[in-house]
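Notes to accompany the following structure.
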Amino acid sequence: IHCEQPDQIKEQEIESRRKPASPSVIAALDSIGIVLVHKKSFSNSGISIHNRRKMLYNRQMKIGIYGGTFDPVHNGHIMAARAVMKQLKLDRVLFIVAGDPPHKQGNNITCGEVRLNMLREALRREKRFIASDIELKRGGVSYTVDTLRQLRTEYRDAKFFFLVGADMLRDFANWYE
């Protein structure tokens, strides 16, 4: 059996003569983010940790969606995402770089590619944080509802958690759709 810890992707060999883990042990390990995988079933199979997890537990991946201009990204963004990830036990957080945010029309915003590259560099050591260019690729005004619809098609089985800063929460009632 391999014991995989998603945060650090550590693998530990456990003697093959040991009894299979009981359902209560598996549930306890899952509650702290450890997934047990039978070596014969998955070794060298090319199956991702996410798919192993779904196959073994039929569990939805929990994904935080954190959108913003990130102009510039700063430690507050990362610290907030870490805290939410820990509190909600998220599998990953997608940082969505806004393409053309409607609430910042007429403001001088740094080029999207530059903001995306700054974000990627800031998240380089954060294994479960992903900088997404979904809005930059789509072009046009970046409405959150359109992004969420597109993400739903890409991550059909995921459970989303929408992260929003206090500045955007104040104006949430005025958002498009």
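Every heavy atom of this structure was used, including side-chain atoms; hydrogens, water molecules and symmetry mates were not. For the single chain, residues carry numbers from 1 onward in sequence order.
Looking at Y66 and V84, their side chains never come closer than 4.5 Å, going by heavy atoms from C-beta outward. Taking the side chain as every heavy atom from C-beta outward, L119 and V97 approach each other to under 4.5 Å. At a threshold of 4.5 Å between non-hydrogen side-chain atoms, the residues M61 and R92 count as touching. Between I96 and L151, the closest side-chain pair of non-hydrogen atoms falls below 4.5 Å. Contact check for I78 versus E126: side-chain heavy atoms found under the 4.5 Å cut-off. Side-chain contact check for I63 versus D91: every heavy-atom pair is 4.5 Å or farther apart.
A distance of 8.0 Å separates CD of Q150 from OG of S132, quoted to the nearest 0.5 Å. In this structure, CG in L136 is found 10.5 Å from CG in D100, a value given to the nearest 0.5 Å. Taken to the nearest 0.5 Å, the CZ atom of R115 stands 6.0 Å off from the CD1 atom of I109. To the nearest 0.5 Å, atom CZ of residue F160 and atom CG of residue L90 are 11.5 Å apart.
In this structure, the side chain of R152 engages the main chain of A158 through a donor-acceptor pair within 3.5 Å. Under a 3.5 Å cut-off, the side chain of R82 and the backbone N or O of K86 do not form any donor-acceptor pair.
In plain terms, the two heavy atoms of F95 and L123 that are nearest each other are CD1-CD1, 3.6 Å. The nearest pair of heavy atoms linking L116 to A131 is CD1-CB, 4.0 Å. Pairing each heavy atom of T147 with each of R138, the nearest pair is OG1-NH2, 2.8 Å. Nearest heavy-atom pair across V73 and A122 is CG1-CB, 3.8 Å. The two residues K62 and L88 come nearest to each other via the heavy atoms NZ-O, 2.6 Å. Taking all atoms of both residues into account, the shortest heavy-atom contact from G99 to S142 is N-OG, 2.9 Å.
Note on M79 and F129: separate hydrophobic clusters, where clusters join Ile, Leu, Val, Met, Phe, Trp and Tyr whose side-chain heavy atoms are under 4.5 Å apart, directly or indirectly.
More than 12 heavy atoms of other residues, nucleotides or ligands lie within 6.0 Å of CD in E154, so this atom counts as buried by the packing criterion.
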Side chain to side chain contact (heavy atoms under 4.5 Å, CB included) between R124 and E121: does it pass, once the steps are laid out? CA-CA 5 Å; R124 184 171 39 93; E121 183 60 26; 2.9 Å; yes
Under the criterion side chain to side chain contact (heavy atoms under 4.5 Å, CB included), I'd like the reasoning laid out for Q87 against F161: C-alpha separation, chi angles, the key distance, then a yes or no. CA-CA 12 Å; Q87 180 71 30; F161 295 81; over 6 Å; no
